[in-house]
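Whatever order the structure lists ligands and atoms in, that order sets their numbers, starting from 1. Basis for what follows: all heavy atoms, side chains included, without hydrogens, waters or symmetry-related copies.
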Amino acid sequence: MSVIAAKCPGIKVHVVDLNADRIAAWNDDDLDNLPIYEPGLSDIVKEARGRNLFFSTNVDEAIDESDMIFISVNTPTKTYGVGKGMAADLKYIELCARQIARVATNDKIIVEKSTLPVRTAEALQDILSSTGSDVNFQVLSNPEFLAEGTAVQDLLNPDRVLIGGERTPEGAAAIQALHDVYAHWVPSDRILTTNVWSSELSKLTANAFLAQRVSSINSLSALCEATEADVDEVARAIGQDSRIGPKFLKSSVGFGGSCFQKDILNLVYLSKTYGLDEVAEYWHQVIKMNDYQKRRFAEKIIQSLYNTVNGKKIVLLGWAFKKDTNDTRESAAIYVADYLLSEQAQVVVYDPKVTSQQIYADLDYLNTRSEEENQRLVNVAQTTEDIFKDAHAVAVMTEWDEFREYDWKQIHEQMLKPSFVFDGRGILDIQQLEEIGMNAFAIGKG
Ligand code: UGA
């Protein structure tokens, strides 16, 4: 919304949320206090805030004033009832629709921005038009394809913008209206229009394909380790084939983020709902491979440390699910740490952008052990000063650039010997670490 406001000074954008603390943070004079860390975002907010971009908790007033409403609420995986652990929880979407239906007094275009199961627009349309009022609602699907860490760049220069709408004159007019918003800065040939269901399904499919690439290369990383192949060399060799392409072939400790797992589980659940068990199983495998990769990495650490990490200090570098974000949702680091903690390791975590409250909250959420025990076993460091002292092992969990720049010779000197490094992101120079005298392991290197 900030990018839309920055690019379309003539459009007034209200961002509303019930959470007053969040809104206050978005309004904070100190742009370093914005709730989301994203390179370039504070400049965009600075440009538009107070001009045509407003953050408030006054939801009803904003609904009433708007011609177009983007619904961008959470659609987490259900944790209860039918579809538990798989289906998307549409509670918040439905609440939004009911609130809009209650408040609206003039015709509106409703844009689904949240990622939703296929045919949710239909449910939205049902709720919106069931109020008996004269207000007309047109529901569009406009899934978002930005990736965290590069969100601003992705929004400024998207590969494509996708708009799904009804194939009726009213639907076409709504599509045109949204098209005109994006056309302020996106070339028309990159603005695709489809029917609503294709648009909804394309979002799930895009994430499923991306995640599948990571799981595919990660599955081969295990084979590379067992042989003398090098996963980066394999990725480079296959990526040169223009049909395969070089992107998204970086082997890792496992993909994280709020979307891949949730969207694939959603796809699996949808397929099952339609009786397509083979389709469901095919995509479920992508998640299973990812779980395997995280477990495999933790097991590698334990095995290398002579099959016990009990009481051993292990430093985890990085907690975010990827670099340049403070988002930790589904981050591989959480699961690897949990595994090590179950083996009674003493874990020290350092991440340049993630707060210690977040790290403890992520671990507590798993419910594997008590909050007190997490506090006792995990130490969150604000800086790297002294964290390597007497450590048995260091594991790179997020590919933050600064980890490459560290003086690894000095780190080695501080650690207990024999010292171990486990590179879960393939960013360190393993040969150099070996030369320093460390036992170095990287995913997918024989
Ligand atoms: C992903 C998609 O890339 C976006 O297009 C989509 O809009 C977004 O989900 C969403 O649905 O909201 P995001 O999760 O922010 O974006 O980040 P990615 O760059 O896709 O990374 C996801 C995970 O895969 C990270 O943990 C990353 O480290 C991992 N990854 C990615 C790899 O392990 N290897 C790779 O080669 C690429």
Measure from [atom] to every heavy atom in [options] and give the option owning the shortest one.
atom: atom 28 (O) of ligand 1; options: E399, R425, K250; result: R425
atom: atom 30 (N) of ligand 1; options: D159, V214, D263, L204; result: V214
atom: atom 23 (C) of ligand 1; options: S114, G257, G256; result: G256

Look at [atom] and say which protein heavy atom is nearest, naming residue and atom and giving the distance to 0.1 Å.
atom: atom 24 (O) of ligand 1; value: F255 CB, 3.2 Å
atom: atom 15 (O) of ligand 1; value: E148 N, 2.7 Å
atom: atom 2 (C) of ligand 1; value: N207 OD1, 3.5 Å
atom: atom 18 (P) of ligand 1; value: K322 NZ, 3.6 Å
atom: atom 1 (C) of ligand 1; value: F260 CE2, 3.4 Å

Using a 4.0 Å heavy-atom cut-off, which part of [X] comes near ligand 1: side chain, backbone, both, or neither?
X: T325; answer: neither
X: K203; answer: side chain
X: L146; answer: backbone
X: C259; answer: side chain

With heavy-atom distances below 4.0 Å as the criterion, list the atoms of ligand 1 near [X].
X: E144; value: 7 (O)
X: S252; value: 32 (C), 33 (O)
X: L210; value: 2 (C), 3 (O)

Verify whether one side chain among [X] and [Y] offers a donor that lies under 3.5 Å from an acceptor in the other.
X: S2; Y: R49; result: no
X: Y406; Y: E402; result: yes
X: D429; Y: W408; result: no
X: S221; Y: Q293; result: yes
X: S252; Y: K322; result: no

Does ligand 1 have any atom that is closer than 4.0 Å to a heavy atom of L249? yes
Crowded around [X] [atom1]? As in, over 12 foreign heavy atoms under 6.0 Å?
X: N19; atom1: CG; result: yes
X: Y92; atom1: OH; result: no
X: K288; atom1: NZ; result: yes
X: Y292; atom1: OH; result: no

With only distance considered, is [X] within less than 3.5 Å of ligand 1 through an N or O on each side?
X: F145; answer: yes
X: F321; answer: yes
X: G254; answer: no

Regarding D338 and R369, does a basic nitrogen lie under 4.0 Å from an acidic carboxylate oxygen? yes
Salt bridge or not for E148 and R329, using N-O below 4.0 Å? yes
Between F209 and W283, is the ring centre distance below 6.0 Å? yes
